Amino acid sequence: MNIPVRPLVSASLILAVSAFVLAGAVADGGHYFPPVADKTTADECGSCHLAFPPSMLPAASWRKLMGQLDQHFGDDASVDAASADIITRYLTANAGDSSGLRFSGKLLRDLAPGAAPLRITDLPRWKREHRKIRAAEWADPKVKSKANCAACHEGAARGYFDDD
């Protein structure tokens with residue numbers, strides 16, 4: 001029986017890449033949230049802070065945040081209408097309650113139906129997972145804010161949020 005080599009090589013390559021990706025998520029404890037893949041969103045949001053993975057919040061939160069960019073946590077983060085539309089569509093399509101991704105389920109599990117928190121740090125699961133962090137650690141000049149995930153999670157920009 002002759003088995004074509006090309007499909008076997010392709011299948012092997014796909015399997016190897018899948019295993020590598022899954023191994024990374026498992027090795028990092030499963031706290032993986034696919035990072036922002038849209039260029040407009042990454043450029044606009046990432047120009048001031050980590051462009052947070054959209055699956056970390058429900059769609060209602062992203063709509064609310066995008067609807068008040070002129071008052072974005074004390075700053076005016078307004079963007080032109082075309083960019084706002086692109087970003088809003090991307091964030092809501094990939095939100096934790098829209099995307100069907102298994103990764104967001106844990107983070108949003110304890111959130112009341114219809115809730116639209118504006119901060120990831122307000123999520124019950126986030127609070128539980130960070131409860132042992134002392135105030136002095138949050139005040140460290142290298143951290144500055146609870147929203148500065150990358151200060152403690154080296155892999156945050158790649159979507160990994162376990163302790164590093």
Side-chain angles (χ1 to χ4, degrees), residues 18 20-79 83-133 135 137-140 142-164:
S18 297
F20 177 76
V21 170
L22 283 174
V26 170
D28 208 39
H31 286 74
Y32 174 75
F33 300 87
V36 172
D38 175 72
K39 182 173 176 15
T40 302
T41 305
D43 289 350
E44 292 293 345
C45 301
S47 67
C48 295
H49 57 74
L50 171 73
F52 296 104
S55 63
M56 293 183 114
L57 285 173
S61 295
W62 292 119
R63 279 191 289 277
K64 195 172 177 181
L65 281 163
M66 291 303 296
Q68 54 189 38
L69 286 177
D70 61 329
Q71 301 168 35
H72 190 68
F73 304 108
D75 289 321
D76 184 348
S78 298
V79 296
S83 295
D85 183 55
I86 290 168
I87 295 167
T88 301
R89 282 188 288 118
Y90 174 76
L91 293 173
T92 57
N94 293 281
D97 58 348
S98 300
S99 61
L101 296 172
R102 67 178 180 85
F103 307 110
S104 61
K106 289 182 190 177
L107 189 59
L108 301 181
R109 184 177 296 142
D110 300 325
L111 194 60
L118 293 178
R119 299 174 186 269
I120 294 165
T121 58
D122 287 341
L123 297 171
R125 177 73 180 238
W126 188 96
K127 289 179 181 182
R128 237 183 355 268
E129 291 190 3
H130 294 83
R131 70 183 176 275
K132 293 182 181 178
I133 299 173
E137 292 177 78
W138 293 121
D140 184 309
K142 295 175 190 165
V143 177
K144 298 180 188 173
S145 159
K146 291 180 180 181
N148 184 9
C149 303
C152 300
H153 303 286
E154 189 176 292
R158 295 184 323 276
Y160 296 101
F161 290 86
D162 265 350
D163 295 335
D164 294 322

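Because the structure is a prediction, the values reported are computed rather than measured.
Partners of D43 by salt bridge (Lys or Arg N to Asp or Glu O under 4.0 Å), not counting sequence neighbours, listed by chain and number: K39. Among residues two or more places apart in sequence or in another chain, the side-chain hydrogen bond (donor to acceptor under 3.5 Å, both in side chains) test is passed with R131 by none. With sequence neighbours excluded, no residue forms a salt bridge (Lys or Arg N to Asp or Glu O under 4.0 Å) with D140.
Residues P58 and A115 come closest through the heavy atom pair CG-O, 3.7 Å. Between S61 and L118, the shortest heavy-atom distance links the atoms O-CD2, 4.4 Å. Considering all non-hydrogen atoms of both residues, C45 and I87 come closest at SG-CG2, 4.4 Å. Of all heavy-atom pairs spanning D70 and D76, the tightest one is CA-OD1, 3.4 Å. Across all non-hydrogen atoms, the minimal contact from A42 to A51 is CA-CB, 4.3 Å. The minimum heavy-atom distance between A59 and S98, with the atom names listed, is CB-OG, 3.6 Å.
Side-chain atoms of S83 do not come within 3.5 Å of backbone N or O of V79 as any donor-acceptor pair. Side-chain N or O atoms of W62 include none that pairs as donor or acceptor with a backbone N or O of T88 at under 3.5 Å. Looking only at distances, no side-chain donor or acceptor of H153 sits under 3.5 Å from a matching main-chain atom of C149.
Using a 4.5 Å cut-off on side-chain heavy atoms (C-beta onward), T92 and R63 make contact. Contact check for I120 versus F52: side-chain heavy atoms found under the 4.5 Å cut-off. Side-chain contact between V36 and Y90 is present, with at least one heavy-atom pair separated by less than 4.5 Å. Inter-residue side-chain proximity for Y32 and R158 is flagged as unmet; no heavy-atom pair is nearer than 4.5 Å. Taking 4.5 Å as the limit, some side-chain heavy atom of L65 sits within range of a side-chain heavy atom of L57. The side-chain heavy atoms of E129 and H31, taken from C-beta on, include a pair separated by under 4.5 Å. Residues F161 and F33 are in side-chain contact: their nearest non-hydrogen atoms beyond the backbone lie under 4.5 Å apart. Between K144 and W138 there is no side-chain heavy-atom pair separated by less than 4.5 Å.
How far CD of E44 is from CG of L69: 9.5 Å, rounded to the nearest 0.5 Å. Atom CG of D97 and atom OG of S55 lie 10.5 Å apart (nearest 0.5 Å). Atom OG in S145 sits 7.5 Å away from atom CZ in R119 (nearest 0.5 Å). In this structure, C152 SG and K146 NZ are separated by 12.0 Å, a value rounded to the nearest 0.5 Å. Here the straight-line distance linking atom CZ of R125 with atom CG of L111 works out to 13.0 Å at 0.5 Å rounding. Considering CD1 of I86 and CG of L91, their distance stands at 11.5 Å, rounded to 0.5 Å.
The pair R128-D110 meets the salt-bridge criterion, with a side-chain N (NZ, NE, NH1 or NH2) lying under 4.0 Å from an Asp/Glu carboxylate O.
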